[in-house]
Amino acid sequence: MSSVTVVMPVHEAESTLDASIASVRGQTHEDWRLVLVDDASTDGSREIAARAAADDERIELVPLDTQSGAAVARNTAIALARSRYIAFCDADDLWLPTKLERQLAFATATGSPLTFTSYAKIHGSDAVDAARWTGSDRVVRARDRVTYRDLRHGNFIGCSTAMYDAEVFGNRPMPLIDRRQDYALWLDLLRDGAVARGLDEPLVLYREGGRSSLSSNKLKAAGYNWR
């Protein structure tokens, strides 16, 4: 049984998926299992995921025949997890090589059942090798502590930076809502008094642009946040 299950939902991600998978495979902490859930992609995503699974026994591909959305894809992987920790990496984001090593040590040191890290923004079309990334001034810094009350003011936890302890929370699924499923999950995890701790190191590269995003429509985004 691996120490960490990495949840990666995949949909129409052929231009970024190889790099995202490579960033997980390049981790200095090697005891992980990556579950790729392909949400009925019509591009070459499923073929890329299948090649990765054939090449590395730590990678599993779960194909969905009907497009069901990111929450269902992530929950499919969460249900299959048999590890203490469950971490998230989107199919267009990248982990720096020491992400798991540093975050696992941080989780142990703080005793927090939900941890997250700082992340750096990169342009959606950039061809980036996580192992050779040299830094950026476009870093979103992780808060030291985040409570349920804090989260009610906004989501301070980047999805691809988050990791939770399944021994504390169980294999907790994301709520089945159209948007902000990750935000809803963090609220659910912290509602009973747990405190999330943030590691102020940029260990994830977050692609801006090319995502299905509501950020350009502030009113709609606020409505989803409220729900």
Side-chain angles (χ1 to χ4, degrees), residues 1-8 20-35 58 74 77-78 80-90 93-122 130-174 181-206:
M1 183 175 71
S2 57
S3 60
V4 183
T5 297
V6 184
V7 172
M8 186 178 289
S20 296
I21 294 172
S23 76
V24 177
R25 296 183 71 182
Q27 291 297 297
T28 54
H29 176 86
E30 298 180 341
D31 184 24
W32 48 262
R33 177 185 177 217
L34 172 61
V35 182
R58 297 172 296 178
R74 289 188 179 113
I78 290 169
L80 294 171
R82 298 294 181 269
S83 57
R84 175 170 182 179
Y85 292 101
I86 297 175
F88 301 87
C89 184
D90 284 346
D93 292 337
L94 304 166
W95 282 358
L96 298 190
T98 59
K99 194 265 186 187
L100 282 182
E101 179 183 354
R102 295 286 299 130
Q103 191 166 11
L104 286 165
F106 182 71
T108 299
T110 61
S112 174
L114 173 61
T115 59
F116 59 103
T117 78
S118 301
Y119 61 91
K121 295 180 179 180
I122 60 176
R132 298 184 180 183
W133 188 71
T134 56
S136 167
D137 58 359
R138 302 177 68 224
V139 173
V140 177
R141 294 290 177 186
R143 294 187 172 206
D144 176 56
R145 297 166 56 88
V146 173
T147 66
Y148 175 71
R149 184 172 182 176
D150 295 328
L151 274 182
R152 290 179 64 183
H153 296 284
N155 185 13
F156 305 108
I157 301 174
C159 186
S160 290
T161 78
M163 181 179 75
Y164 74 79
D165 188 339
E167 287 189 358
V168 174
F169 296 120
N171 288 29
R172 192 77 63 91
M174 291 192 172
Q181 306 98 346
D182 56 332
Y183 185 15
L185 176 58
W186 317 147
L187 285 162
D188 185 40
L189 295 178
L190 298 188
R191 185 173 285 112
D192 294 330
V195 175
R197 295 294 303 272
L199 174 60
D200 188 13
E201 293 182 27
L203 296 173
V204 173
L205 305 182
Y206 169 89

Backbone N or O of Ser160 within a donor-acceptor pair of the Trp95 side chain at under 3.5 Å? yes
Is the backbone of Ala107 close enough, under 3.5 Å, to the side chain of Thr115 for a donor and an acceptor to pair up by distance? no
Min side-chain heavy-atom separation Ile157-Asp182 under 4.5 Å: no
Closest contact, heavy atoms only, Ala166 versus Ser83: CB-O, 3.8 Å
Gln27 side, atom CD; Lys99 side, atom NZ - distance, nearest 0.5 Å: 7.5 Å
Heavy-atom distance under 4.5 Å between the side chains of Tyr183 and Leu151, does that happen here? yes
Between Trp133 and Ala120 the two heavy atoms that sit nearest each other are CZ2-CB, 3.5 Å
Which atom names give the shortest non-hydrogen contact between Val146 and Leu190, and what distance separates them? O-CD1, 3.5 Å
Just verifying a value: how many Å separate Leu104 CG and Leu199 CG, rounded to the nearest 0.5 Å? 11.0 Å
Results of side-chain contact (heavy atoms from CB on, under 4.5 Å) for Arg138 - residues two or more places apart only: Lys121, His123, Ser136, Glu208
For Arg33 and Val6, indicate whether the former's side chain and the latter's backbone hold a donor-acceptor pair under 3.5 Å. no
For the CE atom of Met163 and the OG1 atom of Thr5, what is their distance to the nearest 0.5 Å? 11.5 Å
Ala142 versus Ser118, closest heavy-atom pair with distance: N-OG, 2.9 Å
Which heavy atom of Ser112 sits nearest to which heavy atom of Ala196, and what is that distance? OG-CA, 3.8 Å
Please report the interatomic distance OG(Ser2) to CZ(Arg84), rounded to the nearest 0.5 Å. 13.5 Å
Tell me whether Asp188 contacts the main-chain N or O of Leu185 through its side chain, where contact means a donor paired with an acceptor under 3.5 Å. no
Can you check whether Leu94 reaches Ile122 side chain to side chain, under 4.5 Å on heavy atoms? yes
Is there a side-chain contact between Arg25 and Leu34, using heavy atoms and a 4.5 Å cut-off? no
Whether Arg58 side chain and Glu30 backbone form a donor-acceptor pair below 3.5 Å: yes
Using modelled atom types and a 3.5 Å cut-off, is there a donor and acceptor pairing between side-chain atoms of Thr98 and backbone atoms of Leu203? no
In terms of relative ring orientation, are Trp186 and Phe88 parallel, tilted or perpendicular, with 30° and 60° separating the classes? perpendicular
Under 6.0 Å from the CZ atom of Arg149, do we count more than 12 heavy atoms belonging to anything else shown? no
Closer than 3.5 angstrom, by distance alone: can the side chain of Ser20 be matched with the main-chain N or O of Asp93 as a donor-acceptor pair? yes
Rounded to the nearest 0.5 Å, what separation is found between the CG atom of Asp165 and the CG atom of Leu189? 10.5 Å
Take atom CZ in Arg102; do more than 12 heavy atoms of anything else shown fall under 6.0 Å from it? no
Inter-residue atom distance Glu101.CD - Thr28.OG1, 0.5 Å rounding: 3.5 Å
Main-chain N/O of Phe116 paired to Thr161 side chain as donor or acceptor, under 3.5 Å: no
Using a 3.5 Å distance criterion without hydrogens, assess whether the side chain of Tyr164 forms a donor-acceptor pair with backbone atoms of Arg172. yes
Mind listing the closest non-hydrogen atom pair of Cys89 and Met8 along with its distance? O-CG, 3.2 Å
Expected output: side-chain Gln103 to main-chain Thr117 donor-acceptor under 3.5 Å: no
